[in-house]
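A short worksheet on the structure shown next.
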Amino acid sequence: MNTNTVCPQQAFCEKTLPFQGDPLLYAGLFAESGLAEDYLVYERGGEWFLGFGVAARLRFNVQTTTLEAGEQVFSWPSGTAADSVHRALRSLPLDKWRVYGIAHFELARHTYHLEAAEPVHDLLQLFVPAYEVHLKDNWASLRAMETASFQRLVDLFESIQQEILRDNGRSQRVMDLEERIRTRRLAVPDMRTCNTEIYGQAVTEAVREISSRNYKKVILSRAIPLARPIDMPASYVAGRRPNTPARSYLLKLDGLQACGFSPETVLEADADGWVSTRPLAGTRSMGANEEEECRLRDELLNDTKEVHEHAVSVQLAFAELCKVCRHGSVCVNDFMSVSRRNSVQHLASRLKGQLANGYTAWHAFDALFPAVTATGIPKKESLAAIARMEPCPRGLYAGCVMVADHTGALDAALVLRSVYQQERQAWMQVGAGIVEKSTPEREIEETCEKISSVSRYLVHA
């Protein structure tokens with residue numbers, strides 16, 4: 001049964017039809033289909049957004065904001081990210097658009113008026129996909145910009161669905177994907193020794209600076225280079241099955257590839273102006289069994305270092321939301337519960353507020369980005385410390401992957417627990433929150449616990 005088929009001039013061609021099967025397999029097979037060079041897959045609580053190809057693109061850097069829509073190109077000097085992005089999206093010559101995109105960590109240096117990192121790249125990129133698939137509640141919404149492209153999308157979707165349903169998933173494409181997952185697992189470096197000496201020295205220096213009251217907390221990370229290129233779609237499917245992320249994503253944009261299983265959101269904004277954020281800070285391993293998990297959870301909840309680290313993160317997120325929300329609307333509606341994220345468990349809270357008049361979801365994004373749980377307190381001082389102590393810019397690590405639409409809704413996931421690849425160079429990156437009571441040994445152990453939720457599932461190309 002097909003419903004809601006329309007193709008008005010200067011709008012999207014659309015069709016909604018039922019679908020069966022695992023949406024994760026749809027995501028993996030679409031990514032491998034060759035439908036478009038650039039794409040982004042975003043999973044949000046049972047909904048899957050698949051955007052392929054570029055119908056319009058917005059680029060934001062320290063100097064210029066550019067909007068490319070078909071043959072039209074608009075550009076103007078960059079102001080704040082919120083104002084520049086909002087202006088560009090209002091100029092989109094498209095009806096009922098949805099954009100997919102990424103924000104690099106170094107966007108924060110622009111927001112906090114710090115010297116730009118070298119080399120200078122786009123700090124934020126959004127695109128309206130040429131082809132889009134939205135999977136929710138056993139319904140698939142397909143749309144594309146042109147009639148011929150739309151028919152190509154419908155044909156591909158139906159072909160993939162047949163492959164997934166044929167002989168209980170034993171079709172050639174599905175079996176090939178499963179074979180790669182089973183036989184091409186990547187042997188990763190020993191996380192207990194890879195770059196840990198330099199990382200331990202940075203932790204020691206950060207503790208000294210915190211003791212001197214330069215700042216209260218900083219998140220320091222270390223990169224883990226991988227010896228072989230990664231099969232990103234296969235790694236995404238393999239890793240998503242055992243993981244329990246708040247959001248997951250798979251992307252290829254301008255040659256940068258990434259897949260990951262985000263433990264938290266930086267911002268969730270709906271069409272009615274309600275915004276929320278969910279900081280996670282404080283970590284313990286899940287343990288080897290249920291008994292050990294419970295013991296470690298009790299240890300986490302009673303560890304003064306971990307509780308303090310979490311509480312100050314919530315305090316800052318509260319203050320940031322108050323800058324853009326209606327007076328009295330900001331509240332903490334979940335405080336210090338325990339969130340299970342595959343190999344680790346975290347202390348988690350949720351804060352919520354309603355945007356004040358004159359503010360959009362992008363202003364809330366500006367206020368909250370980068371996540372306090374990937375930066376530190378205060379943010380400006382911790383950003384400066386990260387630049388001093390980490391050997392190179394973070395790029396997408398600790399930035400955001402996001403989806404937004406014409407209603408004002410915006411959903412932005414914190415980029416952690418991910419693998420990255422560019423020009424066949426692949427790496428992981430992982431960090432830990434440093435406070436005055438931190439020790440290099442414990443923070444190195446924490447980074448190992450966290451990254452195992454990715455490293456165990458990597459498939460080499």
Side-chain angles (χ1 to χ4, degrees), residues 21-34 39 41 43 48 160 163-164 168-196 221-245 247-252 255-263 285-289 293 340-345 396-397 401 415-431 444-461:
D22 184 357
L24 178 60
L25 279 178
Y26 282 85
L29 293 181
F30 260 102
E32 295 185 338
S33 69
Y39 63 82
V41 171
E43 177 203 3
W48 295 74
I160 287 175
E163 291 276 345
I164 290 173
N168 294 318
R170 296 185 61 80
S171 67
Q172 187 59 48
R173 273 193 283 188
V174 175
M175 289 178 65
D176 176 67
L177 176 62
E178 299 292 359
E179 178 71 10
R180 282 181 279 135
I181 291 172
R182 185 169 59 253
T183 63
R184 295 188 186 176
R185 291 297 175 91
L186 180 71
V188 300
D190 184 352
M191 257 73 74
R192 294 166 298 179
T193 59
C194 185
N195 293 333
T196 51
S221 70
R222 59 186 176 110
I224 300 166
L226 301 173
R228 302 182 67 176
I230 300 300
D231 181 334
M232 285 291 182
S235 297
Y236 178 63
V237 173
R240 177 59 188 88
R241 285 170 172 165
N243 262 288
T244 52
R247 302 289 187 269
S248 74
Y249 39 81
L250 169 67
L251 64 90
K252 183 180 181 183
L256 172 65
Q257 295 178 267
C259 75
F261 317 104
S262 173
S285 168
M286 285 293 293
N289 51 48
E293 177 188 342
R340 303 168 82 248
R341 293 287 183 254
N342 187 264
S343 58
V344 292
Q345 47 190 324
L396 186 56
Y397 170 74
V401 177
V415 179
L416 301 177
R417 319 292 154 80
S418 300
V419 59
Y420 315 89
Q421 184 163 269
Q422 192 154 28
E423 298 178 352
R424 298 183 65 81
Q425 297 296 312
W427 69 97
M428 299 180 292
Q429 194 155 342
V430 61
I444 290 169
E445 180 185 14
E446 182 175 316
T447 61
C448 294
E449 292 167 352
K450 288 174 176 177
I451 204 60
S452 66
S453 64
V454 178
S455 63
R456 290 181 291 180
Y457 311 109
L458 297 179
V459 178
H460 65 76

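Worth knowing before you read on, the calculation uses all heavy atoms, side chains too, and leaves out hydrogens, waters and symmetry mates. Computed from a predicted model, the values in this text were never measured in an experiment.
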Can you tell me how far CG of Leu458 sits from CD1 of Ile181, rounded to the nearest 0.5 angstrom? 12.0 Å
Are side-chain N/O atoms of Ser418 and Tyr397 paired as donor and acceptor at under 3.5 Å? no
Atom pair CE/CZ of Met191 and Arg222 - distance to nearest 0.5 Å: 7.5 Å
Test log, rule side chain to side chain donor-acceptor pair (under 3.5 Å), inputs Ser221 and Gln429: CA-CA 7 Å; Ser221 70; Gln429 194 155 342; 2.9 Å; yes
Spatial distance of atom CZ (Arg180) from atom CE (Met175) [nearest 0.5 Å]: 13.0 Å
Residues passing the side-chain hydrogen bond (donor to acceptor under 3.5 Å, both in side chains) test with Asn243, sequence neighbours excluded, are none
Nearest 0.5 Å, please: how far is OG in Ser285 from CD in Gln345? 7.5 Å
Plane angle bin for Trp48 and Tyr236 - parallel if under 30°, tilted between 30 and 60°, otherwise perpendicular: perpendicular
CD of Gln257 to CG of Leu251: how many Å apart, nearest 0.5 Å? 8.5 Å
I need the full list of salt bridge (charged side-chain N to carboxylate O under 4.0 Å, His left out) pairs touching residues 233-245, with sequence neighbours left out, sorted by first then second residue. Glu43-Arg240, Glu178-Arg241
For Arg456, side chain to side chain contact (heavy atoms under 4.5 Å, CB included) partners two or more places apart: Asn342, Ser343, Ser452
Heavy-atom nearest pair, Asn195 first then Ala223, reads ND2-O, 2.7 Å
Any luck finding a side-chain donor-acceptor pair between Ser262 and Arg417 under 3.5 Å? no
